[in-house]
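Here is the structure we will look at, set down as structure tokens.
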Amino acid sequence: MDNMLGLLRVRIQRGVNLAVRDVRSSDPYVVVKMGKQKLKTRVIKKDVNPEWNEDLTLSVSDPNLPIKLTVYDHDTFSMDDKMGDAEFEVKTFLEAKKMKLDGLPIGTVITRVQPCRTNCLAEESCVTWRDNRVVQDVCLRLRNVECGEVELQLHWIDLPGGKGF
């Protein structure tokens, strides 16, 4: 807790065109890892375009740690099937959070992250000033699978007495 910078709220919004792992569909859920922390969403039955809209909160002490996301298909009588994975950095988001942004018009784009070979972005990701806070919308293309994307949103929660930014 001594070196905790704050909390990162990861809203897992939806999956798009996820792989079929059962007969005609899948029962997907998402596992998010950062360092030793591991959180997961609920299972959505028989849906390759699930809408989770679930908030998962990670405590951040090292801004250089990537966030790893894995999608699984829940199976009742056998091991869950992997439906792809992705990882992303939060450094750009946290650098934007450090800026003095009060008074900026709502919706102002602070910075943009382009998809490239070293990230899993499916499209440009904008860090924006929205509702008096820094928000980043992210669309990740899953790796190690034939198809699928996961859309999520990041926002920061300062802690009283935390090191903060």
Side-chain angles (χ1 to χ4, degrees), residues 1-16 18 28-44 50-72 80 82-145 148-165:
M1 178 81 182
D2 295 342
N3 60 352
M4 189 165 13
L5 301 171
L7 301 174
L8 181 66
R9 173 88 24 97
V10 181
R11 170 164 276 229
I12 307 293
Q13 294 171 316
R14 70 186 57 84
V16 179
L18 298 179
Y29 65 95
V30 177
V31 174
V32 175
K33 292 181 185 177
M34 183 182 204
K36 294 180 180 176
Q37 299 171 82
K38 180 177 172 179
L39 303 168
K40 72 178 222 173
T41 65
R42 71 191 186 285
V43 173
I44 297 196
E51 301 251 349
W52 287 284
N53 290 315
E54 245 178 88
D55 289 335
L56 304 177
T57 305
L58 297 163
S59 56
V60 178
S61 51
D62 182 355
N64 297 310
L65 282 177
I67 295 178
K68 298 178 182 188
L69 177 143
T70 308
V71 181
Y72 292 94
D80 292 354
K82 199 170 179 185
M83 296 172 63
D85 63 89
E87 80 177 51
F88 61 98
E89 304 280 336
V90 293
K91 281 188 276 195
T92 303
F93 173 78
L94 295 176
E95 285 166 9
K97 171 66 183 110
K98 285 188 219 179
M99 298 177 190
K100 301 292 178 232
L101 301 169
D102 293 334
L104 265 186
I106 299 300
T108 300
V109 175
I110 302 162
T111 188
R112 301 170 194 271
V113 183
Q114 298 299 325
C116 66
R117 290 176 188 257
T118 59
N119 66 34
C120 293
L121 294 177
E123 58 192 36
E124 178 180 80
S125 177
C126 292
V127 180
T128 57
W129 180 250
R130 204 178 312 156
D131 302 322
N132 292 317
R133 64 183 183 190
V134 177
V135 174
Q136 183 174 0
D137 292 308
V138 180
C139 182
L140 298 170
R141 180 166 291 124
L142 297 175
R143 304 177 294 197
N144 305 310
V145 68
E149 296 176 355
V150 174
E151 296 176 9
L152 52 95
Q153 186 181 77
L154 307 176
H155 81 261
W156 186 257
I157 301 169
D158 285 315
L159 290 176
K163 281 180 134 179
F165 276 100

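Because the structure is predicted, anything quoted here is derived from the model rather than measured. Any value given below was found using the heavy atoms of this structure, including those in side chains, with hydrogens, waters and symmetry copies removed. Nothing fancy with the numbering, it's 1 onward along the sequence.
With sequence neighbours excluded, no residue satisfies side chain to side chain donor-acceptor pair (under 3.5 Å) with Glu89. Scored by the salt bridge (Lys or Arg N to Asp or Glu O under 4.0 Å) test, Lys82 finds Asp85 as partners (sequence neighbours excluded). Applying the side chain to side chain donor-acceptor pair (under 3.5 Å) criterion to Ser59, with sequence neighbours excluded, gives Gln37. Applying the salt bridge (Lys or Arg N to Asp or Glu O under 4.0 Å) rule to Arg9 yields no partners; only residues at least two apart in sequence or on another chain are considered. With sequence neighbours excluded, no residue satisfies salt bridge (Lys or Arg N to Asp or Glu O under 4.0 Å) with Asp80. For Tyr29, the ring-ring contact (aromatic ring centres under 6.0 Å, His included) partners at least two apart in sequence or on another chain are Tyr72. Checked against side-chain contact (heavy atoms from CB on, under 4.5 Å), Asp102 has the following partners two or more places apart in sequence or in another chain: Trp129. A search for salt bridge (Lys or Arg N to Asp or Glu O under 4.0 Å) contacts involving Arg14 returns Glu51, Glu151, not counting sequence neighbours. With sequence neighbours excluded, the residues satisfying side chain to side chain donor-acceptor pair (under 3.5 Å) with Glu54 are Arg42.
Applying the salt bridge (Lys or Arg N to Asp or Glu O under 4.0 Å) test to pairs two or more places apart or on separate chains, those with a residue in residues 125-141 are Arg130-Asp137, Arg141-Glu149. Annotation: salt bridge (Lys or Arg N to Asp or Glu O under 4.0 Å) contacts involving residues 56-68, sequence neighbours excluded, are absent.
Among all heavy-atom pairs drawn from Leu101 and Ala96, the shortest one is CD1-O, 3.5 Å.
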Listed pairs under 3.5 Å, donor-acceptor, residues 112-121 side chains, sequence neighbours left out:
| from | atom 1 | to | atom 2 | distance (Å) |
| --- | --- | --- | --- | --- |
| Arg112 | NH1 | Glu124 | OE1 | 3.1 |
| Gln114 | NE2 | Glu124 | OE2 | 2.6 |
| Asn119 | OD1 | Cys116 | N | 3.1 |
| Asn119 | OD1 | Leu121 | N | 3.1 |
| Asn119 | ND2 | Gln114 | O | 3.0 |

